[in-house]
Structure formats: structure tokens, C-alpha cells
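FYI, side chains are in, hydrogens and waters are out, and symmetry mates aren't considered; it's all heavy atoms of this structure.
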Amino acid sequence: VQLVESGGDLVQAGGSLRLSCVVSGLNLNYFAIGWFHQAPGKERGGVSCIDGARRTTYIENVKGRFTISRDDAKNIIYLQMDNLEPEDTGVYYCATGVRATTCPFPMSYIQLWGQGTQVTVSS
């Protein structure tokens with residue numbers, strides 16, 4: 001099983017990015033995938049999640065700005081990020097685990113992380 005993120009970039013505040021998480025070796029119909037954010041000097045925390053039934057969750061700070069989705073044909077989880085703010089700066093990771101079947105799931109359930117993709121939002 002492998003998770004590979006991409007799509008991070010430098011963008012101005014108010015701009016948009018779409019992050020991708022390519023999932024290999026895992027049936028997305030049975031597992032949830034979460035997106036996590038680690039700001040500089042801070043702990044990693046959950047941002048959004050999508051489960052096998054396509055139910056989604058978001059933290060309050062990104063509701064209305066971020067959208068998580070899934071392409072089953074390509075086995076990719078997307079995170080569309082609109083109206084970006086400088087506070088969104090950091091490394092974004094996707095993650096999952098065998099116990100991660102519903103959203104949200106605790107970080108203690110995570111067994112596999114992607115390598116991360118850097119998002120920088122300038123003011």
C-alpha cells in the first residue's frame with residue numbers, strides 16, 4: 001500500500017490549489033482517507049476525511065473553502081482548496097490505516113502516511 005501526494009505550490013492569499021493523493025494497493029470502497037496539515041512549528045492535525053461511502057468531514061476552519069473528493073477510476077483522493085489563507089501554509093499529508101473505516105478517525109489509527117506536499121500561501 002502506498003500514498004503519494006502532489007499539487008502543493010506557492011500561491012497568494014485568496015488563491016486555489018488542488019492536492020492529489022494517489023492510493024495504490026487499497027480498495028477505497030472499504031477505507032477512509034484523511035488529509036492532515038502540519039503548519040511550521042506546530043503539530044500535525046486533521047483537515048478533512050472521506051470514507052468508503054463517500055461521507056466527508058471537515059474541520060471548522062476549512063468548511064466552505066476546502067472540498068474532498070474521490071476518483072475511483074484513478075484511485076485518487078483530491079483536496080480542492082479555495083480562498084486560501086496564510087494560515088493554511090504547511091505540509092499536507094494523506095493517511096489511512098486498517099482501522100480507518102469511518103470519518104473522522106483518530107490519528108492513532110494511522111499506519112500509513114504519504115510523503116507530504118508543501119503548500120505556501122503568501123499574504
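When the options Ile77, Thr117, Ile33, Leu79 are evaluated for a side chain to side chain contact (heavy atoms under 4.5 Å, CB included) with Cys94, the one that passes is Ile33. Each of Asp9, Leu10, Thr120 was checked for a side chain to side chain contact (heavy atoms under 4.5 Å, CB included) with Leu17, and the lone residue meeting it is Asp9.
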Trace of the side-chain contact (heavy atoms from CB on, under 4.5 Å) decision for Phe31 with Ile50: CA-CA 9 Å; Phe31 296 96; Ile50 184 166; over 6 Å; no
Take Ser16 and Asp82 through the side-chain hydrogen bond (donor to acceptor under 3.5 Å, both in side chains) test and state the conclusion after the steps. CA-CA 4 Å; Ser16 297; Asp82 298 318; 2.8 Å; yes
In sequence, state the C-alpha distance, the side-chain angles, and the governing distance for Leu28 and Asn75, and then conclude on side-chain contact (heavy atoms from CB on, under 4.5 Å). CA-CA 7 Å; Leu28 295 178; Asn75 243 40; 3.7 Å; yes
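Closest heavy-atom contact between Val119 and Gly8: CG2-CA, 4.0 Å. A pairwise comparison of heavy atoms in Lys63 and Tyr58 identifies CE-O, 3.4 Å as the closest pair. Scanning both residues, Ala32 and Thr102, for their nearest heavy atoms gives CB-O, 4.0 Å. The nearest pair of heavy atoms linking Asp51 to Arg70 is O-NH1, 3.0 Å. Thr89 approaches Pro40 most closely through the heavy-atom pair O-CD, 3.8 Å.
Between the CG atom in Leu19 and the CH2 atom in Trp35 there is a gap of 4.5 Å [rounded to 0.5 Å]. Note that the CD1 atom of Ile110 and the OG atom of Ser108 stand 8.5 Å from one another [nearest 0.5 Å]. Between the OG atom in Ser20 and the CD1 atom in Ile76 there is a gap of 5.5 Å [rounded to 0.5 Å]. Of the inter-residue distances, the one linking Cys21 atom SG with Tyr78 atom OH reads 11.0 Å to the nearest 0.5 angstrom.
Looking only at side-chain heavy atoms (C-beta outward), Gln111 and Thr96 stay at 4.5 Å or farther from each other.
If you chain together hydrophobic residues whose side chains sit under 4.5 Å apart, Ile59 and Met107 never meet in one group. Linking ILVMFWY side-chain heavy atoms closer than 4.5 Å, directly or via other members, places Val62 and Val11 in a single hydrophobic cluster. Grouping the Ile, Leu, Val, Met, Phe, Trp and Tyr side chains by contacts below 4.5 angstrom, directly or via other members, places Leu112 with Ile68.
A distance-only check finds no donor-acceptor pair linking the side chain of Asn83 to the backbone of Gly14 [under 3.5 Å]. The backbone N or O of Val47 lies less than 3.5 Å from no partner atom in the side chain of Asn61, so there is not a single donor-acceptor pair. Side-chain atoms of Tyr30 do not come within 3.5 Å of backbone N or O of Leu26 as any donor-acceptor pair. Between the side chain of Arg18 and the main chain of Gly7, no donor-acceptor pair closer than 3.5 Å is present. With hydrogens and angles disregarded, a donor-acceptor distance shorter than 3.5 Å links the side chain of Glu5 to the backbone of Gln115. Side chain of Arg65 to backbone of Gln80: no donor-acceptor contact under 3.5 angstrom is found. With Thr57 contributing its side chain and Ser48 its backbone, the two residues share no donor-acceptor pair below 3.5 Å.
Taking the ring centre of Tyr93 as origin, the terminal cationic atom of Arg44 falls inside the region bounded by 6.0 Å and 45° from the ring axis.
Two rings, from Trp113 and Phe36, have their centers less than 6.0 Å apart.
At a threshold of 4.0 Å, the pair Asp72-Arg54 counts as salt-bridged, since one of the basic side-chain nitrogens sits closer than that to a carboxylate oxygen.
For Phe105, the ring pair (Phe, Tyr, Trp, His ring centres under 6.0 Å) criterion is met by no residue, not counting sequence neighbours.
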